[in-house]
2 protein chains.
Amino acid sequence: MNELLHLKSAGLKSTLPRLKVLSLFESGNDRHLSAEDVYKKLLASGDDVGLATVYRVLNQFEQAGILVKHHFEGDKSVFELNQGDHHDHIVCLQCGRVEEFFDATIEQRQKKAASERGFELHDHSLYIYANCIKPKCKYKN
Amino acid sequence: MNELLHLKSAGLKSTLPRLKVLSLFESGNDRHLSAEDVYKKLLASGDDVGLATVYRVLNQFEQAGILVKHHFEGDKSVFELNQGDHHDHIVCLQCGRVEEFFDATIEQRQKKAASERGFELHDHSLYIYANCIKPKCKYKN
DNA sequence: TTGCAAATGAGAATGATTAGCATTAGCAGT
DNA sequence: ACTGCTAATGCTAATCATTCTCATTTGCAA
């Protein structure tokens with residue numbers, strides 16, 4: 001009943017769509033999903049939720065700290081389960097593979113860069129766009 | 001005639017709209033401008049260019065390496081003159097002030113993070129979202 | 001079980017950006 | 001300078017992701 005706890009503590013009613021979305025992320029099959037992805041996966045598994053609801057739920061979960069939202073290059077944003085550990089992302093430009101990483105030095109220097117210039121760091125987004133080195137990349141190798 | 005050289009070498013005809021857009025950026029009054037910003041500024045100065053043209057020109061300039069495009073938090077993207085020097089950005093969440101910075105160590109560690117995980121770094125985007133420390137911030141101080 | 005506010009679903013609306021197309025304007029060659 | 005042709009422009013309509021509206025449904029507390 002981990003899901004229920006999450007929802008309760010966020011002041012969210014435990015509804016079918018919310019549980020479905022949550023368990024999709026907790027199943028762990030795909031860490032990074034867009035609203036469209038979630039919508040399609042739910043449809044595919046016979047669960048009938050509206051796209052608008054998916055968007056709403058995703059955003060509520062983000063507010064509640066259950067999910068984290070990312071804007072990879074360009075258009076649609078993706079969500080991933082918030083497991084407390086902050087990390088940044090490397091995205092393969094060819095196959096889309098996403099790898100997570102954390103570098104204490106980078107974090108450190110960012111804070112420094114901000115404070116040196118009269119800012120108090122609140123947040124940051126760091127995406128590395130790269131190419132898989134063979135033979136891992138699904139497309140280019 | 002710096003502008004002309006730019007355009008020529010990019011294989012772009014030297015047209016009125018392109019010259020207008022280019023000189024807007026080269027005037028240096030605002031480093032970071034969205035398509036909408038450019039459009040409005042041109043209108044304001046009596047130059048009559050269509051919004052679609054602005055978008056087209058901006059993208060052509062990006063391809064040509066004359067401008068660089070950035071996606072700050074959320075929606076619209078902004079462009080800035082490409083002066084050869086790569087840098088990242090700090091954006092104030094309150095007043096929108098944008099400060100540029102470069103940190104060799106961060107660059108370094110990114111390359112390392114990528115290669116350690118089987119990627120060849122191609123590109124990256126790093127945005128620090130922060131709050132101005134008083135009294136510089138136009139809104140919160 | 002009842003009642004009601006909160007949540008959902010379907011479709012319309014929005015906002016940024018792009019595509020389609022008829023008209024205009026650079027510019028190379030007379 | 002004049003012709004002509006292709007690239008460029010300026011509308012407007014179209015896209016695409018995301019949000020809003022609102023009538024209907026559902027979770028849940030009394």
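Every chain is numbered from 1, with letters handed out A, B, ... down the list of sequences.
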*Asks:* Between A:Arg18 and A:Lys13, is there a donor-acceptor pair closer than 3.5 Å when you use the side chain of the first and the backbone of the second?
*Replies:* yes
*Asks:* Does B:His71 offer a backbone N or O that forms a donor-acceptor pair with the side chain of B:Tyr127 under 3.5 Å?
*Replies:* yes
*Asks:* So, for A:Ala35 and A:Leu51, which heavy atoms are closest and what is the spacing to 0.1 Å?
*Replies:* O-CD1, 4.3 Å
*Asks:* Indicate for each nucleotide in nucleotides 15-22 of chain D, in 5' to 3' sequence, whether protein heavy atoms under 4.0 Å reach the base (B), only the sugar-phosphate (S), or nothing (-).
*Replies:* --SBBBB-
*Asks:* Rounded off to whole Å, could you give me the CD-to-P distance for the A:Gln60 and D:dG27 pair?
*Replies:* 15 Å
*Asks:* Any carboxylate oxygen within less than 4.0 angstrom of a Lys/Arg side-chain nitrogen, looking at B:Lys41 and B:Asp47?
*Replies:* no
*Asks:* Mark yes or no for whether A:Asp30, through its side chain, and A:Leu33, through its backbone, hold a donor-acceptor pair below 3.5 Å.
*Replies:* no
*Asks:* Starting from the first five and the last five pairs of the helix from C:dT1-D:dA30 to C:dT30-D:dA1, work out the angle between the resulting helix axes, to 10 degrees.
*Replies:* 30°
*Asks:* Is there a donor-acceptor contact under 3.5 Å from the side chain of B:Ser23 to the main chain of B:Leu19?
*Replies:* yes
*Asks:* Just how far, in rounded Å, is P of C:dT8 from CG of A:Leu58?
*Replies:* 12 Å
*Asks:* Looking at A:Phe101 and A:Ile128, what are the two nearest heavy atoms and their distance?
*Replies:* CZ-CD1, 3.7 Å
*Asks:* Between the side chain of A:Asn82 and the main-chain N/O of A:Gly65, is any donor-acceptor distance below 3.5 Å?
*Replies:* yes
*Asks:* Is the backbone of B:Phe72 close enough, under 3.5 Å, to the side chain of B:Tyr129 for a donor and an acceptor to pair up by distance?
*Replies:* no
*Asks:* Please list, pair by pair, any protein nitrogen or oxygen found under 3.5 Å from a nitrogen or oxygen in nucleotides 25-30 of chain C.
*Replies:*
{"unit_1": "C:dC27", "atom_1": "OP1", "unit_2": "B:Ser14", "atom_2": "N", "d": "3.3"}

*Asks:* Using a cut-off of strictly less than 4.0 Å between a heavy atom of the residue and any atom of DNA chain D, enumerate the qualifying residues of residues 42-50 of chain B by number.
*Replies:* B:Asp48, B:Val49, B:Gly50
*Asks:* Apply side-chain hydrogen bond (donor to acceptor under 3.5 Å, both in side chains) to B:His86 and list each qualifying residue two or more places apart in sequence or on a separate chain.
*Replies:* B:Glu107, B:His124
*Asks:* So, using side-chain hydrogen bond (donor to acceptor under 3.5 Å, both in side chains) as the criterion, who are the partners of A:Glu80 when residues are at least two apart?
*Replies:* A:Arg31, A:His32, A:His70, A:His87, A:His89
*Asks:* With heavy-atom distances below 4.5 Å as the criterion, would you say the side chains of B:Glu62 and B:Gln60 are in contact?
*Replies:* no
*Asks:* Report yes if the side chains of A:Glu100 and A:Asp88 come closer than 4.5 Å at any heavy-atom pair, otherwise no.
*Replies:* no
